[in-house]
Structures are given as C-alpha cells and as structure tokens.
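Beneath this line is the structure, given in structure tokens, with notes to follow.
Fair warning: this is a prediction, and the values are worked out from it, not measured in the lab. Sequence lines set the chain letters: A, B, ... in the order given, protein chains first and strands last, and positions in each chain run from 1.
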Amino acid sequence: MLTADLSEPPARWDLVASIPFGPAEHQLGLELPPQNTPLPYVPNSFAVGEGGVLSFLDFRKNRVAHYTADGRYVGQTTGLDGDRLHPHGTDLAPSGGRLYLLEQDNFTLSGIVRRGDGLRVGPRVPVSLPDGARPLLSRLVPGARGLVAVLNGYAGTGGHEIGTGPTGAVALLPGAGDQAVREVARPLPGIPLADGTFMGFAQETVDGRATLTHVTSGRSFSRSLQMRVVPEAGAAPFPAAVGWFAVLAVERGLGVFIMLTPAAQENVERHGGGRWYLQISAGGDPLVFERVPETRFADENVVRHVTVGADGGVYLMLVDREGVTVLRR
Amino acid sequence: MRKLLGIAVVAASALVLPVPAEASWVSEHCFDDHNVVKSWKRADAKAYATVAAWEGYEYAGGCWNDNDRDDTPNAPDSFGEGPDCSGLVFKAWMLRLPKGQTGGMWWNRMENVHGSYSSTMFATAEAGWPFFVLPEKDRMTTAYMDAMARKGHIGLLYVNGGTSSGTDVIVHAKGDAYGTVISEEAYRFDTDYVAVRRRGWTADCEPQCSRPLPATPLLVRVP
C-alpha cells in the first residue's frame, strides 16, 4: 500500500537547465489562450540523450529543438507539421543512438513514427498491428530495450471502436533505409528490460489500484499495487482519482509518473492534489515514492513530464509562463 | 489548494456572435435550423459530437459541416468552420437559449450558434441551470458525455472506461492546430477540472428499457 500525503512537500530535484519561451530560434515556443487555443501550446515532450543533450518537442514552432546539457541552444530538427491536416508530434524517445518521434494522426488516434536524425525528420511510417488494425499508441517508453510504445487499444478506424482492442506494449522494429521502423508493430508481454525480462503496468481502476506483471523465462507473475490518499500523515484516507502515467524503464525496473486528485470536490478545494514519482524494482517492490515539484501553469498539453536519460537518470520537465525547466532526480 | 491559472479566462458574459462585416465561410454556408426536443440521450450527444470530431475549430464559433476536413485552414478568427470547446458542448448537449433555460433544443450543425455558456460557466454552474457540477469526479461517478471542465476549457468523455494508461478518451475542440478531435487526456486527475453533467438525460435504452411480462405464461411443448 502506497500512501500519498497531500501535506508532504515535493522532494528536491536538481536543476539541469532552464530554457525561456520566445520568438527567437533559440527560445521555445508558447501560445496562450484564448483566440487560437483553449489551452496553452507548449513543448509537449522531451528527451535526454547522449552527453545530456536535451531535445524538446516544440509544438508551437513545429520542430524538435536541441540544447546542451546546461541549456545552450545547438540546433533544431524541422519538418514537423502543426496544423489539423497532418499528424501531430506526441512524444520523443531515444533508442539505439537515434531520436524517435511518435505522432498521432489528427483524424484518427494512431502511432506514426518518424526518426528525428539530423536537421529534418524522416518520412512518416504509419504503424499497424499484426491484424492490420490501426493502434492507439499513446506514448513511447524511454529506457526500454529497443523502441517500445504503449498500446491503448484501437485507433477507432476500420470498424474498430476507440476504447476496445488489445493493450500493453508493442515493439517498433527498425526499418530499412530512411524508414524509421517497420510498418507492423510486434506485441510484447510487457516492457522489455535490460536483463531480458518484461514488466507490464496497467491501471485497474481510478481508485488507486494498478497491476504490475513480470514475465521471465516464459513464467509470469502479477501483483496489485494500491495507493491511498491522505490529507496529512496519520489521517484517514479519502477517495481519490489516481492516474498512473508515463511508464519508464529504469534501473531494471519501472518508473511511473502519477497524478492524483481527491474525488470529492470539497476535498479538492481544501487539500488540492499533486504529482508523484514511483520507481519499482525488478521484483515489483516500490523503491521510490515521492512527491515531485510542479508549477501552477496549465500544462495539460504536456504529454511527457518525466523521462529517463541516456545516462539512466530520471528527469522531470516543468512548464510555466516563462519557459521550461528540466530537473534531475 | 487550487492551482492558480496563468491563462486568460473567457469572458463570463453571454457569448453573442457578432455579424461578420465581410463574406466569410459562416456567412456563406451556415443557416438557421433548430427545433425543440423533449428528450436527449447520451448516445445521441455522442453521435452529434462524433460528426464534429474531424472538423475545424473557431473561437466563439458554432457551425460546421461533415466533410472531415478544415474548410478554413490557416485562417483563425475569421468566422470560419468549427466550434470552440464550450460551443461544441452547448450543441452536443442540446441546450437552449438564453442562459439558464431548461429543456432541450436540437441545433443543426450548420446553424452558427455558440450558446450562452463559456467553459468557465460550465465549470461553475449556477443553481437551476440545465447542468451541474458533480460532487465527485471518480470513474465510478462519471458517465460518457459528462464533461470535464475548467476555467478555459471543456471536453466530453467519449467512453465510460479509461485507457489502460489511466487516461480518458475525450472529444473536444482543442484549438486551431488540432481542430475538433478525439484524444486521450488526463484532465480527470488535474485539480482544476470538475466533472459536469447535463440534467435530464433520457436513458439510452428508452423506450426499450423494460418490457412488460406477458399476461399468460408461454407454454412450450417438449417432444
């Protein structure tokens, strides 16, 4: 049983870099409501590559912007689209020394992967499941062995309704030539870890239960993780809506970004909610469970708040009115 | 403690659509067509919103066709095609004018009407309005076509269950760069969002929800 104490202050994470918003090329893009968007357009994902290179999916400027480990601008990868006629960039993750961009089609929810080498993004590769159906690939999984994406059922085309279909993880296999990946994704028993095992993580209900599965040598076991939310240490828990997101492969286990809020509006008013980081060992034991820093900015368009870097470290991206801040645990 | 918002808030007054001075997509294509309805189902609201889901976005807008493309690309704020987030909900929920009016109204998607409510008004529903803020927002409480709303944005839950990642599938007008889309979002877990329900839904199974038992039992002869 994990206990989220809403009175707990966030753990201290170390500052890596701060990058301001602005119109200049070296600045990241921001668009505020209300004329063209109800929610701010901000960088919605980031990755930390070799040598600590920071890459941001800069939605407003239709590019991936790259910075040194201490935040100096070094260049951009162009060729992304930012209109409703084309797929939009959703997530970034490095794999095998390359940076991959996951896009969601504007008209269907599916996974289209492009390779972000060099100064321009490579050609789009629409991804299908083995049965030919279009998948809803919601995120990539940084740190996994190979390029892996989270599968959340069908995209809602070809007679397959959104909210149905297989879930879990899929492998995106290397493609030939300029093609970043093969067009058919391969379902996996879980997220492949460095030691050859697989771990799966799925939310059961919104009252704070999740299922962790572990597959090794063809055998699998599962355990249930449950969280309770309290207003302060020693107090009775109250019902909460708990979301377990953005699974990472880290240190032979998994890292999970959690957002939670009291279910009852009166408790939201009194106690607010918060964000936590959970790290689970290969055996399924919680190693880390701590509240993380957050801002008061409307960052709903951020898809990836935490990632694992090429150095194995865990990084957090914060967004506020002034710019983006990257912290390292 | 609620997060403070670093964004502008849509004006709380009724959103009356101004008449465009020059010819626009709205003036050239949209027309009045609406009628009173006495019942409204979630299934109908979902079907209505699904038609909008591949159309455009227009701030304070409320008129769209069904050709699955943006008819006014790269032309924001020009009385172009599409709703904004609160306008989509007004029409999908078959609400009536003026503000606070109960009952239902079916609006042709081609009628340019935004409605009397901003997203902020949905999120802070007043007593007696045709919608209300649910006391809780867990998945045991909400149902599809309920809304997740905050000051500045609102979207409709597209299905009852969540994804295996824990997110919700939401249909909403998400901005000029997205149009009106169906996407997975984590609004439920954001302290700024409340769950809002339209009053008076008719059950989807009506009028077949319960069938009367036959007056005499059936007799089946087994050979």
Q: Could you tell me which portion of A:Glu31 (side chain, backbone, both or neither) has an atom closer than 4.5 angstrom to a non-hydrogen atom of chain B?
A: neither
Q) Using non-hydrogen atoms only, which part of A:Leu6 is less than 4.5 Å away from chain B: side chain, backbone, both, or neither? A) neither
Q. Which heavy-atom pair separates B:Ile154 from B:His172 by the least distance, and what is that distance?
A. O-CB, 3.9 Å
Q: Please state whether the side chain, the backbone, both or neither of B:Thr167 comes within less than 4.5 Å of a heavy atom of chain A.
A: both
Q. By ring pair (Phe, Tyr, Trp, His ring centres under 6.0 Å), which residues pair with B:Phe90, not counting sequence neighbours?
A. B:Trp107
Q) Where on A:Asn301 is there a heavy atom nearer than 4.5 Å to chain B: the side chain, the backbone, both, or neither? A) side chain
Q) Of the listed residues (A:Asp320, A:Thr261, A:Leu260), which shares the most heavy-atom pairs with chain B below a 4.5 Å separation? A) A:Thr261
(Q) Shorter than 4.5 Å, heavy atoms on both sides: which option in A:Pro239, A:Gly274, A:Gly168, A:Ser138 has the most such pairs with chain B? (A) A:Ser138
(Q) Counting only non-hydrogen atoms closer than 4.5 Å, does B:Ala195 touch chain A with its backbone (N, CA, C, O), its side chain (CB onward), both, or neither? (A) neither
Q: Classify the side-chain pair A:Thr37/B:Tyr57 by whether it contains a donor and acceptor separated by less than 3.5 Å.
A: no
(Q) Ignoring hydrogens, what is the shortest heavy-atom contact between B:Tyr144 and B:Val159? Give both atom names and the distance. (A) CB-C, 3.7 Å
Q: With sequence neighbours left out, write down each residue that passes side-chain contact (heavy atoms from CB on, under 4.5 Å) with A:Thr90, or none if nothing qualifies.
A: A:Gln104, A:Val303
